[in-house]
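Report on the following structure.
Note that the coordinates shown come from a computational prediction; the quantities given were computed from them, not determined experimentally. All values below were derived from every heavy atom in this structure, side-chain atoms included, with hydrogens, water molecules and symmetry-related copies excluded.
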Amino acid sequence: MSQVSMFSSGQEFANLLVSSDLLHDSWFTISDLRSHPYLNNPILFKVYPYHSNGAIVAFVSSPICNLQKEMVSSEELEGSQSPFEFISTKLNPHFSVNKAAITLFASLVNELSALKEKLGNASPLIITGVSLGGSVASLFTLWLLKDNNKRPTCITFGSPLLGDSGLQQAISERPSWNSCFLHVVSNQDPIPRSLVSPTNVFAGSIPQSCIYNPFGMFLLCSDSDCSCFEEPESVLDIMMEMNLNSQHQDNCFLPFNYEQVLERLKHKIIFKGASQLFHFSVDQLQAGIDLQLEAIGIGGQLSWQQTSNINPLRTKVKKRVEESFAKKRSVIDPGKKLNKMKLAMAWLEWYMKVTLNEGGYVDSYKRSDFRSRDAVKSRQEIVKHQRVLNKYWKTKVAEVEEMPQSEKAAFRTRWLYAGTNYRRMVEPLDIAEYYMKSGNIDYVNLGRSEHYKKLEEWRKEDNPSGSGNDRRKPVCLTEDSCFWAYVEEAIINSERLREGTLEEKENAREYLVNFGEYVINMIRSYSVSSEIFHPHSSFMKWWKDYRQDILSCLSNLPLAFYMENGEYQSYA
């Protein structure tokens, strides 16, 4: 992956996270738990059902909990109730964690041990928390990661840094662990920055034994924008700068409301960097850094004096990134390909958003010949990333099929969520491409790649009862990745119903009846994206162009009533 790609993807990946339901659902559980009485408990936790087979475990700390700078070493933890000796590695045998966080975790260790067993095969499994509750959420996630069959996602809001460089490096040795953590940080919240800089609330210089280091992905937010950063030293540098620019320099740590941040950002998804994804300045790495710093309120429209102050930060971040890439050139990075796939998926997510008003990304992809030069160029980039993703997952699925059964099960558990998202986002584009070729029919049986079939098969085995039975709003990505193939077949069969032979008409009528039942079931379970009802979508075009023919087959079926009564207009 190029240096520019890494930085341009930061804002795109931030968009993907902010526009999804995951952050909002996680914050909802925290808000609910905060409303419970603490009594004499320094920390509360609660398990919330999530989809049909998943769970969100939320942690919140009492307002009376004190944030301390002191750490506890891994040697001191040995023999205690805190079961974290497994974190140590040969390369990083020693680490330290925040004393307040480990003390809170120790107070819950018996209850969390029982919870660990109860969670079983919950999927997806989200661990979340705010402030020191986020620190405990991170510790619980690390404990869960000890078991290879568990793959939780940890989302913290305004959580202070947890440990030293030993902890950060030990976690970074396992790329699959590091990618489990997402830390949401507002530049208006002083708590996550409180252990970062000598100029923070703990006045004076910080002793060497109390220097904290970040791990995981950081979603850094300002009032208007956000961006993702993962390189640890860059995160530290940027958070130090946020500290210097902050007006919150006192000891008053009031609870910060991230709901307002998430709502503001959801309505201000960042596209200002989109046009620059194709055209970069001579110093491309610096341009990428400037874009991300501007997104979180550092840089942008500055006076001469402010520019002179911010330039050292830009230079420092650039140096950190270059050093990071130099290290990665000499060491095999197991997560490198995965990071490249994240970038490709971020591109597709961007494409989905910018084509929303054109009938959705699938139909926009099909209509590329009738669009502007810039739009065609965008599509060419999407095709490139589509090819990259397909090649990666075809290879990955083939590798899994060759594994011993025990290893195969562990891999499938670890990668299934990413594979399912890939299939639901990319296969519709493959379907569009298939039907754009004249004469192609029956994609599901004649054109579908084996790796898609395997990914779908694994998903069904992992969740045989299906998901979304308790869903109350449409999914962002249609769950059945073959939905658009069935729409294309409905168009073909509607044409046969008009002009085909008697046998073709009978077969077409049977197909349309089955299709109508399939669609209404998808609608009722909120398993299709609302984009299918966009006036320019293929589905709505099918309904409008063949309405009379369709009604001759479906007049007594629920889909006909649903469409004729205009109920689809409130599907949201």
Side-chain angles (χ1 to χ4, degrees), residues 3-11 13-14 69 98 156 158-169 171-172 178 181-208 210-222 225-249 273 283-300 302 305-328 339:
Q3 293 171 336
V4 173
S5 295
M6 180 185 117
F7 273 91
S8 65
S9 69
Q11 282 181 296
F13 190 52
K69 64 178 180 294
N98 180 263
T156 72
S159 176
L161 300 183
L162 182 59
D164 65 354
S165 60
L167 179 67
Q168 180 259 311
Q169 290 168 15
I171 292 172
S172 295
N178 199 59
F181 295 89
L182 171 68
H183 308 287
V184 183
V185 173
S186 168
N187 65 348
Q188 299 300 312
D189 186 356
I191 293 178
R193 297 178 273 107
S194 58
L195 301 179
V196 170
S197 167
T199 58
N200 65 14
V201 295
F202 302 119
S205 62
I206 297 179
Q208 187 67 28
C210 291
I211 293 180
Y212 286 78
N213 278 265
F215 59 86
M217 178 78 76
F218 278 73
L219 180 63
L220 303 180
C221 307
S222 66
D225 283 339
C226 62
S227 198
C228 280
F229 295 84
E230 194 170 16
E231 205 281 313
E233 296 298 330
S234 294
V235 171
L236 276 180
D237 291 336
I238 293 166
M239 291 181 73
M240 285 182 187
E241 185 66 28
M242 290 167 68
N243 235 357
L244 293 172
N245 293 339
S246 174
Q247 298 176 358
H248 301 275
Q249 295 291 342
D283 190 344
Q284 296 180 325
L285 175 58
Q286 190 67 65
I289 293 170
D290 288 349
L291 272 177
Q292 289 198 268
L293 293 178
E294 183 182 341
I296 56 172
I298 299 175
L302 301 175
Q305 181 63 41
Q306 290 171 315
T307 301
S308 64
N309 291 334
I310 200 65
N311 276 338
L313 175 64
R314 290 171 171 161
T315 304
K316 189 183 293 185
V317 172
K318 180 180 178 182
K319 182 181 178 183
R320 301 291 193 197
V321 176
E322 289 173 337
E323 288 173 352
S324 175
F325 274 96
K327 291 177 183 177
K328 289 178 180 179
N339 288 334

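- In this structure, L236 CG and F229 CZ are separated by 13.0 Å, a value rounded to the nearest 0.5 Å.
- Nearest approach of C221 to V184, heavy atoms of both residues: SG-CG1, 4.1 Å.
- Residues L220 and N187 fail the side-chain proximity criterion, which asks for heavy atoms closer than 4.5 Å.
- In this structure the side chain of L219 reaches within 4.5 angstrom of the side chain of L182, judged on heavy atoms.
- The ring pair (Phe, Tyr, Trp, His ring centres under 6.0 Å) search around F215 returns F181, H183, not counting sequence neighbours.
- The two residues V185 and P192 come nearest to each other via the heavy atoms CG1-CG, 3.6 Å.
- Closest of all the heavy-atom pairs between M217 and C228 is SD-CB, 3.6 Å.
- Atom CD of Q188 is separated from atom OG of S222 by 8.5 Å, given to the nearest 0.5 angstrom.
- Using modelled atom types, no side-chain atom of Y212 and backbone atom of S194 make a donor-acceptor pair closer than 3.5 Å.
- Under the 4.5 Å side-chain criterion, counting only non-hydrogen atoms from C-beta, E230 is in contact with N178.
- Rounding to the nearest 0.5 Å places CG of L161 at 11.5 Å from CZ of R193.
- A donor-acceptor pair is defined here as one N or O able to donate and one able to accept, closer than 3.5 Å; such a pair exists between the side chain of D164 and the backbone of L167.
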Might you work through the side chain to side chain contact (heavy atoms under 4.5 Å, CB included) test for E233 and N213, ending with a clear yes or no? CA-CA 8 Å; E233 296 298 330; N213 278 265; 3.7 Å; yes
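- Within the 4.5 Å cutoff, the side chain of P214 has heavy atoms near those of the P232 side chain.
- Side-chain atoms of S165 and I211, non-hydrogen and from C-beta on, never get closer than 4.5 Å to each other.
- Here the side chains of N98 and L195 are in contact, with some heavy-atom distance below 4.5 Å.
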